[in-house]
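These notes are about the structure you will find just below.
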Amino acid sequence: MPIHAAVATSAGIGVIIPIPGVIGYAVAGWPHLAELPPLSIGYVSVIGFLCLAPVATLVAPFGARLAHRLSRRHLEISFGLFLLAIGMRFLVAIVHG
Amino acid sequence: MFPNIPAQELVLLVGAMLAGGVLTGLLAGLFGVGGGGVIVPVLYEVFGFLGVDDSVRMQLCVGTSLAIIIPTAMASHRTHAAKGRY
């Protein structure tokens with residue numbers, strides 16, 4: 001399959017795959033509502049969903065514009081640092097958990 | 001699901017979520033990655049800041065991230081489909 005068709009199909013499949021996932025997580029979290037923040041359906045934070053999706057979509061072009069202002073090298077280093085930071089963050093959480 | 005939420009708590013919740021949304025959008029646009037790779041870490045910090053119990057924090061991040069991916073993937077697919085690619 002040519003690459004563009006593959007990417008487009010992947011995006012289409014990406015719409016369907018999370019749906020049973022969301023349902024599963026909503027159901028699984030139902031008994032734990034006491035520990036969850038308000039406005040959550042099980043393990044799905046409705047307020048998180050309502051705030052993040054539109055805001056992230058609106059802001060993404062600014063991130064893209066920023067990427068174009070950086071040199072290739074700077075962008076590579078930034079991305080590497082970002083991944084490292086996340087990896088370290090979770091490693092620390094695991095060790096201390 | 002809709003208990004009596006004190007206004008202050010709601011404002012803090014919404015504020016933290018909006019800030020998280022801005023950070024997610026910037027990171028996704030900047031690095032060209034979206035989805036769980038960016039949403040889950042951002043949510044992890046936001047829920048940590050909001051004091052969500054550790055026993056449910058990660059599951060909440062993943063569950064919410066899955067929900068967010070649906071509209072974003074829809075938008076992405078629509079863009080591709082509009083360009084006539086399948």
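Reminder, nothing fancy here: chain letters follow the sequence lines and each chain counts from 1.
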statement: Answer key: most heavy-atom pairs under 4.5 Å with chain A among B:Ile69, B:Thr72, B:Val62, B:Leu43 is B:Val62
message: With a 4.5 Å cut-off on side-chain heavy-atom distances among I, L, V, M, F, W and Y, is there a chain of contacts connecting A:Phe49 to A:Ile16?
response: no
statement: Rounded to the nearest 0.5 angstrom, the CG-CZ distance for B:Leu30 and A:Arg65 is 13.0 Å
- request: Tell me, for A:Leu50 versus chain B, whether the close heavy atoms (under 4.5 Å) come from the side chain, the backbone, both or neither.
  value: neither
Which atom of A:Gly21 lies closest to which atom of B:Leu66, heavy atoms considered: C-CD1, 3.7 Å
message: If I compare all heavy atoms of A:Ser45 with all of B:Leu60, which pair ends up nearest, and what's the gap?
response: N-CD1, 3.9 Å
- prompt: Any link between B:Leu50 and B:Val11 through a network of hydrophobic side chains (Ile, Leu, Val, Met, Phe, Trp, Tyr) touching at under 4.5 Å?
  reply: no
query: Do A:Leu52 and B:Met74 sit in the same hydrophobic cluster, where Ile, Leu, Val, Met, Phe, Trp and Tyr count as joined when their side-chain heavy atoms come under 4.5 Å apart?
result: yes
- request: Write down the atom of B:Ile70, the atom of A:Val15, and the distance for their closest heavy-atom approach.
  value: CG1-O, 4.1 Å
message: I'd like to check B:Glu45 versus A:Arg89 (side-chain heavy atoms, cut-off strictly below 4.5 Å). Are they in contact?
response: yes
field: Heavy-atom closest contact (A:Ile86 atom, B:Gly37 atom, distance)
entry: CD1-O, 4.0 Å
- prompt: Side chain, backbone, both or neither: which part of B:Leu27 has a non-hydrogen atom closer than 4.5 Å to chain A?
  reply: side chain
- prompt: Which one, A:Gly42, A:Gly29, A:Ser78, leads in non-hydrogen pairs under 4.5 Å with chain B?
  reply: A:Ser78
- prompt: For A:Val44, does its backbone N or O pair with a side-chain atom of B:Thr64 as donor and acceptor, under 3.5 Å?
  reply: no
message: Quick check: is A:Ile17 connected to B:Val38 through a chain of hydrophobic side chains (ILVMFWY, heavy atoms under 4.5 Å apart)?
response: no
- request: Heavy-atom pairs under 4.5 Å with chain A are the metric here; pick the option from B:Leu23, B:Val22, B:Val52 that has the most.
  value: B:Val22
- prompt: Side-chain heavy atoms under 4.5 angstrom apart, residues restricted to Ile, Leu, Val, Met, Phe, Trp, Tyr: same cluster for B:Phe47 and B:Leu10?
  reply: yes
query: Given side chains that start at C-beta, do those of A:Pro38 and B:Leu13 come closer than 4.5 Å, heavy atoms only?
result: yes
- line: Turns out that what part of B:Ile68 lies under 4.5 Å from chain A's heavy atoms comes down to both
- prompt: Is it the backbone or the side chain of A:Tyr25 that comes under 4.5 Å from a heavy atom of chain B, or both, or neither?
  reply: side chain
- request: Pick whichever of B:Gly51, B:Ser55, B:Pro41, B:Ala28 has the most heavy-atom pairs under 4.5 Å with chain A.
  value: B:Pro41
task: Over all heavy atoms of both residues, which pair between B:Gly21 and A:Val55 is shortest? Give the atoms and the distance, please.
output: C-CG1, 3.5 Å
task: Evaluate the criterion side chain to side chain contact (heavy atoms under 4.5 Å, CB included) for residue pair B:Val14 and A:Cys51; output intermediate values, then yes/no.
output: CA-CA 7 Å; B:Val14 172; A:Cys51 293; 4.1 Å; yes
message: To the nearest 0.5 Å, what is the distance between CG on A:Leu39 and CE on B:Met17?
response: 10.0 Å
Atom pair CE (B:Met58) and OH (A:Tyr43), whose distance is rounded to the nearest 0.5 Å: 12.5 Å
message: How long is the straight-line distance from CD of A:Glu35 back to CZ of B:Arg57, given to the nearest 0.5 Å?
response: 14.5 Å
statement: Per-residue tally against chain B (heavy atom, under 4.5 Å) across A:Ala28, A:Ala85, A:Gly24, A:Ala67 peaks at A:Ala67
